[in-house]
Structures are given as structure tokens and as C-alpha cells.
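In this chain, residues are counted from 1 in sequence order. As the structure is a computational prediction, the values presented were derived from the model and not from experiment.
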Amino acid sequence: MSDLRFYFDPVCPFAWMTSKWVRTVQRRRSYEVEWRFVSLRLLNAHVDYEAHFPEGYEAGHTAGLRLLRLAARVREEHGPEVVGPLYEAFGDLLFERSEPQEARSRTRAIAAQALATTGLPAGLAAALDDEALDAVIGAETDEALSLTGKDVGTPILHFAPPEGTALFGPVISRLPAEEDAVRLWDHVVALAEFPGFAELKRSLRERPQLPSFGVRPGEAGREEDWHAGSRRLRR
């Protein structure tokens, strides 16, 4: 049984930042993580993208759904333990390069490189276009929302599943130093363990400390005001 279920969409930079923090905790402690799916495209299926989001969001979220199809097929054929390394390969390509691969225009190239990095068969990339896999991803998205409620984004973390509390976030813009990561994590777990805890919120976010955003280690990104987990043009 895992200590944490981490629901991710590969194109969400804040989910990626939190996943890096979780991996730091894993390195310093024996901590079992199950990587699961939540699709921003399916979560926002009812939203008018043109009215509510900046340009390019619909294409980006659709790219995330396509990459989740690949992850679902990989899990089906090679087991759940391969999902974490595949997500890590996606994140490296999308966020850890000063000239990242843009998901919405290069989804197939990202898939091919991620499969090569993780030693998986190149033919699995056919799953990108397999809409039948959306049922699996949709069910997992619904599962995540059933744990938190619907007014959330990504990531969603389920602590001590199946009985433990699930929360949207923590959303972080900077990666904690190795010596601070576990201490900060313990504070989050303590909040999650209190059955009456529901929410802490601050809509101002720094742009994440990632090469793809031009924010270097030690720097703080420009603050932006986010609503409902996204930079919507209006509420």
C-alpha cells in the first residue's frame, strides 16, 4: 500500500514542482508513492476555453490528455511502477530545459523521447490518439475529484490512502532545499491528518522556478494572480 497517491497532469508546471518536492522526500525517507491521473482537459470539459483561459490553454490541456493516454497504456502493459519514471521523463522535457519542448505542438516528439528515456517500446506512442483510454483517465479524474470536491486543479494528493485526506496542492513555486524538504512535508502531512482541515489559499503565485519559465535557482518568479487553479482571463 502506498503512503501517497499523487494525481498529476503532465503539462501542469505546479504539479511538476510538487512532484520534484515529493521525490526529494522519497530520497530522504522510505516513502511509497503511487502516480495516478487527473486530466485538466477533462476537468475543464464544461468550460469555454476561449472566454476563460489565455490563448493556447485548450491545446496545452489536450496535449496533457494525450500524454496521459500514453501513461495509461504504459501502466496497462508494463505496470504502475513505470508511471513515475515516465512522468519524470515528461517533466524533464517540458520544464527542465531553457528551450523546452512545447507540449501542444510537439506531443509526439515528447512521447518518443520519454519512451526512449524509460526504455519502453516506441510503438506505445500510438496510444496518444487512442480515445478509448479517455474512459480510464476520466474515471481516475472523477476519483480524484470525489476526494477533494470539484473546485480544484492539479496536483491532487491523497495522503495515507484509502482512508486519509486528499488535498489540492500543495502548490509551490520554488523547490525546497534538501534539508528543508522533509521538514516542510511533515507540516503538510500534519495538516492533512487533522480531520477538520479543509483549505489554505493564496491566489498570488510566483512563476515556477523552472528553466522553461526562465526562472533560475535562487530567483523568484514574477507574481501572477491565479483563479481556480489557472490564469483565467476572468472569473
(message) Could you check whether D225 and S203, counting side-chain N and O atoms only, form a donor-acceptor pair closer than 3.5 Å?
(response) yes

(request) Output, in order, the C-alpha distance, side-chain angles, deciding distance and verdict of side-chain contact (heavy atoms from CB on, under 4.5 Å) for V171 and T18. (result) CA-CA 7 Å; V171 175; T18 302; 5.6 Å; no

(request) With sequence neighbours left out, write down each residue that passes salt bridge (charged side-chain N to carboxylate O under 4.0 Å, His left out) with E178, or none if nothing qualifies. (result) R27, R28

(message) According to salt bridge (charged side-chain N to carboxylate O under 4.0 Å, His left out), who are the partners of E206, at least two apart in sequence or on a separate chain?
(response) R174

(request) Check side chain to side chain contact (heavy atoms under 4.5 Å, CB included) between R29 and all other residues, then give those that pass, not counting sequence neighbours. (result) V182, D186

(request) Could you check if a side-chain atom of T141 sits within less than 4.5 angstrom of a side-chain atom of F37, using non-hydrogen atoms only? (result) no

(request) Answer yes if L128 and L86 sit in the same cluster of Ile, Leu, Val, Met, Phe, Trp and Tyr residues linked by side chain heavy atoms under 4.5 Å apart, and no otherwise. (result) yes

(request) Give a yes or no on whether the ring-centroid distance for H61 and F53 is below 6.0 angstrom. (result) yes

(message) Do L4 and P161 make a side-chain contact, defined as non-hydrogen atoms from C-beta onward lying under 4.5 Å apart?
(response) no

(request) Find the distance between CG (L67) and OG1 (T62) and round it off to the nearest 0.5 Å. (result) 11.0 Å

(request) Identify whether the distance between the nearest side-chain nitrogen and carboxylate oxygen of R36 and E140 falls below 4.0 Å. (result) yes

(message) Under a 4.0 Å threshold between the charged nitrogen and the carboxylate oxygen, would E223 count as salt-bridged to R202?
(response) yes

(message) List the residues meeting salt bridge (charged side-chain N to carboxylate O under 4.0 Å, His left out) with D92, not counting sequence neighbours, and say none if there are none.
(response) R97

(message) Tell me which pairs pass salt bridge (Lys or Arg N to Asp or Glu O under 4.0 Å) where either residue lies in residues 113-124, with sequence neighbours left out.
(response) none

(request) Please list, chain by chain and in numerical order, all residues satisfying side chain to side chain donor-acceptor pair (under 3.5 Å) with Q26, sequence neighbours excluded. (result) none

(request) Report the residues that fulfil salt bridge (charged side-chain N to carboxylate O under 4.0 Å, His left out) with E193, sequence neighbours left out, ordered by chain and then residue number. (result) none

(request) Could you tell me whether the side chain of V215 reaches within less than 4.5 Å of the side chain of L210, counting heavy atoms only? (result) no

(request) Heavy atoms only: give me the nearest F159-A192 pair and the separation to one decimal. (result) CD1-CB, 3.6 Å

(message) Do L120 and H78 make a side-chain contact, defined as non-hydrogen atoms from C-beta onward lying under 4.5 Å apart?
(response) yes

(message) Rounded to the nearest 0.5 Å, what separates atom CZ in R207 from atom CZ in R205?
(response) 12.5 Å

(request) Please tell me if the side chains of R75 and V136 come closer than 4.5 Å, counting only heavy atoms from C-beta onward. (result) yes

(request) Supply the atom-to-atom distance F168 CZ to I156 CD1, rounded to the nearest 0.5 angstrom. (result) 8.0 Å

(message) I need the full list of salt bridge (Lys or Arg N to Asp or Glu O under 4.0 Å) pairs touching residues 63-72, with sequence neighbours left out, sorted by first then second residue.
(response) R66-D129, R69-D134

(request) Answer whether the closest heavy-atom distance between the side chains of V74 and L115 falls below 4.5 Å. (result) yes

(request) Report the residues that fulfil side chain to side chain contact (heavy atoms under 4.5 Å, CB included) with L147, sequence neighbours left out, ordered by chain and then residue number. (result) Y7, H158, A166

(message) If the condition is ring-ring contact (aromatic ring centres under 6.0 Å, His included), which residues does Y87 pass it with, not counting sequence neighbours?
(response) F8, W16, W35

(request) Enumerate the residue pairs fulfilling salt bridge (Lys or Arg N to Asp or Glu O under 4.0 Å) with a member in residues 111-124, sequence neighbours excluded, ordered by first and then second residue. (result) none

(message) According to side chain to side chain donor-acceptor pair (under 3.5 Å), who are the partners of W185, at least two apart in sequence or on a separate chain?
(response) Y31

(request) Answer whether the closest heavy-atom distance between the side chains of E50 and E58 falls below 4.5 Å. (result) no

(message) Using side-chain heavy atoms (C-beta onward) and a distance below 4.5 Å, is F95 in contact with P208?
(response) no

